[in-house]
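What follows is a single structure, written as structure tokens, with notes after it.
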Amino acid sequence: QNFCSQRNFDEVWIKTRSGRKKMAYKWLCKLEKEYPHLTRRARELNERDDFVMKYDPKEVAKREEQEKERKRAKKEAKMKSA
């Protein structure tokens, strides 16, 4: 049940990245050091499925920037209507 090998990696990764988002990101970071070929495979699977890692620093920064832009646009709209 809690076992992952190179043989069943694809199936385990797909389930983990959706069900345990933070753990999946931490696992991916650790895989990068010990098993770079599995890291590449995980990223290929993410790309194939258009899956975005929630805790990836690039994605976090992107979401924060989008939020800032949304707030700025809302503030401008409020000022125009006043």
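Starting from 1, each residue takes its place in the sequence as its number. These numbers come from a predicted model, not from an experiment.
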**Study point:** is_close_aromatic(Trp13, Tyr25), centroid dist under 6.0 Å
**Key:** no
**Study point:** Positive for salt bridge (Lys or Arg N to Asp or Glu O under 4.0 Å) with Glu44, one of Arg40, Arg41, Arg48
**Key:** Arg41
Point to revise | Spacing of NZ belonging to Lys30 relative to CG belonging to Leu28, to within rounding of 0.5 Å | key: 12.0 Å
Review point. Shortest non-hydrogen contact from Ala24 to Arg17?
Key: CB-CA, 3.6 Å
Point to revise | Separation of Asp49 CG from Ile14 CD1 (nearest 0.5 Å) | key: 5.5 Å
Review point. Is it the case that more than 12 heavy atoms not belonging to Arg7 sit under 6.0 Å from its CZ atom?
Key: no
Review point. Should the heavy atoms of other residues, nucleotides or ligands under 6.0 Å from CZ of Arg63 be counted, would the total exceed 12?
Key: yes
Review point. Counting only heavy atoms not in Glu76, do more than 12 fall under 6.0 Å of its CD?
Key: yes
Check your understanding: Under 3.5 Å, is there a donor-acceptor pair between the side chain of Asp56 and the main chain of Met53?
Key -> no
**Study point:** Charged N-O contact under 4.0 Å between Arg43 and Glu32
**Key:** yes
Review point. Roughly how far apart are Glu34 CD and Thr39 OG1, rounded to 0.5 Å?
Key: 10.0 Å
Review point. Just how far is it from atom CH2 of Trp27 to atom CG of Leu38, taken to the nearest 0.5 Å?
Key: 8.0 Å
Check your understanding: Salt-bridged, Lys15 to Glu11, with N to O below 4.0 Å?
Key -> yes
Check your understanding: Do other residues, nucleotides or ligands put more than 12 heavy atoms under 6.0 Å from the CD atom of Glu67?
Key -> yes
Study note, to complete from the structure: Minimal heavy-atom distance between Val12 and Phe3, with the atoms involved, is CG2-O, 3.8 Å
Check your understanding: ring pair (Phe, Tyr, Trp, His ring centres under 6.0 Å): which pairs involve residues 32-73, sequence neighbours left out?
Key -> none
Point to revise | Side-chain heavy atoms of Lys58 within contact of Lys62, under 4.5 Å | key: no
Revision key, fill the gap. For Lys54 and Val60 the tightest heavy-atom approach is O-CG2, 3.6 Å
